[in-house]
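Because only heavy atoms are used, hydrogens play no part in the values below, and waters and symmetry mates are left out as well, while side chains stay in.
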Amino acid sequence: MAIPAIEKPRSGWRMPPILSDYEAECRDFSWASARRSLAGLPGERGLNMAYEAIDRQARGPLAAKIALRFLSRDGSTRELSFAELAEQTSRFANLLRELGVGKSERVFALAGRVPELWIAALGTLKNGSVFCPLFSAFGPEPIRTRLERGDGRVLVTSELLYTRKVEALRPALPQLAHVLLVDRDRATPLRPGTHDLRERLAAARADFEIPPTSPDDLALLHFTSGTTGAPKGALHVHGAVLAHRESARLALDLHEDDIFWCTADPGWVTGTSYGIVAPLALGVTCVVDEAEFDAERWYEILERERVTNWYTAPTAVRMLMRAGAELAKRRDLSQLRFVASVGEPLNPEAVVWGQAALGLPIHDNWWQTETGGIMIANYASQAIRPGSMGRPLPGIEAAIVARRTGGAIDVIREPDVTGELALRAGWPSMFRGYLHDEARYARCFADGWYLSGDLMRRDSDGYYWFVGRADDVIKSSGHLIGPFEVESALMEHPAVIEAAVIGLPDPVAGESVKAFVVLRSGHEASPALLREIQGFARKRLGAAVAPKEIEFRDSVPKTRSGKIMRRLLRARALGLPEGDLSTLEPGA
């Protein structure tokens with residue numbers, strides 16, 4: 001039985017008038033008109049993402065306003081005003097110039113949620129270089145792959161992460177010219193090939209003139225895993241800031257006087273688009289927590305920091321649900337007026353739980369690394385249909401389509417028919433390519449539409465409902481995990497000859513990674529070997545990517561052409577229909 005729509009929000013919510021008439025707003029909206037909300041570089045020198053996020057505010061009445069409030073694990077707090085952030089990011093941009101790093105060259109970050117990561121991101125954008133964040137939980141192999149494929153010239157990281165995960169990789173990464181350590185222990189000698197970031201920032205000039213920047217100049221590189229081959233590097237441009245800003249205003253109901261907390265790590269695209277760029281471009285104060293998830297700590301932050309708008313993930317919501325609603329009810333959360341979630345579909349029970357525990361429903365929304373920003377959302381001014389992604393943002397044309405041979409598509413007009421979600425190409429934050437893979441990028445488009453690879457249905461009122469994915473990508477705790485990458489790492493173990501990886505439903509993480517492993521001749525399955533392989537995978541891939549479960553098998557099902565049938569493995573693991581087996585290798 002479907003859970004009924006939640007019609008009436010808690011009193012005190014700010015209803016954005018712009019969405020009081022959804023159909024009219026969609027009809028009248030244009031990106032050209034919205035573009036006038038941006039300042040642009042002084043002297044009509046173009047559009048720069050960092051200028052819109054920082055310098056624009058630092059040059060106006062918001063200069064002294066707190067832009068970022070960092071909450072450290074040890075309980076201390078560090079605040080940066082827009083003016084202070086403008087100075088620090090200018091110092092970073094000047095440091096890049098000193099190091100000979102120029103336009104379009106890649107600056108990677110592998111760090112926790114510390115101020116230096118934000119400074120590096122925005123300083124990189126000021127310089128016209130391309131910022132690429134990495135998850136600090138990645139193991140050495142995913143880090144090496146991304147640095148190598150992304151032509152990483154600079155890496156910003158901590159001393160611990162560098163020594164544990166990167167230092168041994170340096171000989172294999174000749175293009176990595178500079179490593180900037182955010183927390184170097186000055187009591188010890190500086191490691192070869194590294195710089196003390198704090199020391200270099202203090203010595204760098206505090207003023208920086210952002211060079212002319214086109215809206216189509218590259219700004220961000222986000223890696224997202226695919227089902228085969230190397231991770232995909234999605235490229236985004238400076239003009240994406242317009243979609244970041246508009247979507248945060250419309251879908252997250254952000255206003256200049258809000259206190260905003262996006263719990264996503266910047267290693268995930270959400271943590272960059274909505275943890276760095278969008279709220280700052282709206283002049284909003286952002287709370288950043290360095291510590292990992294802890295239910296009591298999170299509720300304390302919501303209460304103490306007087307958070308008004310909160311953007312988190314279904315995994316976190318499910319963990320809060322497990323901790324119990326009483327924890328929330330002990331806190332004064334009256335200032336909180338809007339909660340949103342993204343990463344994987346939010347089950348209806350979680351939406352309703354939010355209403356019971358927080359006094360607010362949780363607004364699900366949908367987008368991808370490739371879209372760069374929120375495309376479909378449940379809005380503050382409209383009823384929520386629990387389980388639905390919501391409706392497209394103004395300026396976004398979405399459709400359910402069926403693919404035909406030859407690359408063409410059919411748009412499905414009838415409601416409640418499952419098909420692939422497609423978006424009319426051309427919104428500002430649309431990715432502009434896959435790094436070093438033009439053919440793969442071209443396959444994402446047909447007849448003027450971007451094909452998402454996600455299967456959905458649209459109801460008669462225009463709400464979109466997620467059905468499933470068209471490929472094998474695993475979403476676990478907000479991480480996109482490509483089976484091929486995990487399988488490749490497992491096969492580096494001397495006992496493993498073959499591996500197949502699937503995602504299985506997990507009540508907290510959304511999906512968990514399970515691996516099926518075939519052993520080489522001369523090796524016998526045993527609990528000790530299983531633990532050894534699991535440890536090997538965690539060391540190579542990191543805890544966020546490594547399989548949570550490993551099963552030994554004599555073989556894995558493949559097609560006659562040698563393609564592993566992950567679909568079949570998943571169906572068998574879950575007791576689902578196995579579907580067409582006509583291409584299955586005999587005996588599999």
If every non-hydrogen atom of [X] is compared with every non-hydrogen atom of [Y], which pair is closest and at what distance?
| X | Y | answer |
| --- | --- | --- |
| D253 | H255 | OD1-NE2, 2.9 Å |
| P215 | L47 | CG-CB, 4.0 Å |
| M49 | A240 | CE-CB, 4.0 Å |
| A111 | V114 | CB-CG2, 4.5 Å |
| L435 | R106 | CD1-NH2, 3.7 Å |
| W268 | V342 | CH2-O, 3.4 Å |

Salt bridge present between [X] and [Y] (N-O < 4.0 angstrom):
| X | Y | result |
| --- | --- | --- |
| R306 | D332 | yes |
| D410 | R403 | no |
| K65 | E256 | no |
| D461 | R391 | no |
| R432 | D216 | yes |
| E511 | K475 | no |

Verify, without hydrogens or angle tests, whether [X] (side chain) and [Y] (backbone) share a donor-acceptor contact under 3.5 angstrom.
| X | Y | answer |
| --- | --- | --- |
| D217 | S214 | yes |
| R59 | R56 | no |
| T224 | K232 | no |
| H236 | T369 | yes |
| W366 | P392 | no |
| T272 | P266 | yes |
| R245 | A281 | yes |
| T285 | I66 | yes |
| S37 | A34 | yes |
| H436 | R149 | yes |

Q) When you look at V107 and C132, which way does the side-chain contact (heavy atoms from CB on, under 4.5 Å) test go after all the steps? A) CA-CA 6 Å; V107 177; C132 179; over 6 Å; no

Q | W118 and its ring pair (Phe, Tyr, Trp, His ring centres under 6.0 Å) partner, picked from F92, F131, F70 | A | F70

Rounded to the nearest 0.5 Å, what separation is found between the [atom1] atom of [X] and the [atom2] atom of [Y]?
| X | Y | atom1 | atom2 | answer |
| --- | --- | --- | --- | --- |
| I412 | E420 | CD1 | CD | 10.0 Å |
| E370 | F431 | CD | CZ | 5.0 Å |
| R36 | L242 | CZ | CG | 11.5 Å |
| D265 | S477 | CG | OG | 12.5 Å |
| I276 | L122 | CD1 | CG | 6.0 Å |
| I54 | I119 | CD1 | CD1 | 10.0 Å |

Going by heavy atoms in the side chains, are [X] and [Y] under 4.5 Å from each other?
| X | Y | value |
| --- | --- | --- |
| R27 | Y22 | no |
| D28 | E23 | no |
| T308 | Q335 | yes |
| L280 | V284 | no |
| E79 | L68 | no |
| W367 | M389 | no |
| V241 | V277 | yes |
| S476 | I481 | yes |

Would you check if there is a donor-acceptor pair between the side chains of [Y] and [X] at a distance under 3.5 Å?
| X | Y | result |
| --- | --- | --- |
| Y274 | S247 | yes |
| Y379 | E25 | no |
| H363 | N365 | no |
| D454 | S452 | no |

(Q) side-chain contact (heavy atoms from CB on, under 4.5 Å), that's the test. Do L451 and V401 meet it? Break it down for me. (A) CA-CA 9 Å; L451 304 172; V401 304; 4.0 Å; yes

Q: Run the numbers on E305 and L71 for side-chain contact (heavy atoms from CB on, under 4.5 Å), then give the verdict.
A: CA-CA 10 Å; E305 303 299 330; L71 312 178; 3.7 Å; yes

For [X], give me all partners under side chain to side chain contact (heavy atoms under 4.5 Å, CB included), at least two apart in sequence or on another chain.
| X | answer |
| --- | --- |
| R322 | P507, V508 |
| I210 | L41, N48, Y51, D55, K126, F208, T213 |
| P142 | F138, R146, E485, L541 |

Q. Under the criterion salt bridge (Lys or Arg N to Asp or Glu O under 4.0 Å), which of R69, R113, R297 is the partner of D289?
A. R297

Q) Out of I396, L421, L393, which one pairs with I376 under the side chain to side chain contact (heavy atoms under 4.5 Å, CB included) rule? A) L421

Q.
Given F293, which partner from the list T312, L320, T263 fulfils the side chain to side chain contact (heavy atoms under 4.5 Å, CB included) test?
A. L320

Q | R458 NZ/CZ over W465 ring centroid, <6.0 Å and within 45° of normal | A | no

Q. Aromatic ring centroids of Y311 and W261 under 6.0 Å?
A. no

Q. Between F260 and W310, is the ring centre distance below 6.0 Å?
A. no

Q) Do Q368 and Y450 pass the side-chain contact (heavy atoms from CB on, under 4.5 Å) test, and can you show the C-alpha distance, the side-chain angles, and the key distance before you say yes or no? A) CA-CA 12 Å; Q368 297 177 323; Y450 164 68; 2.6 Å; yes

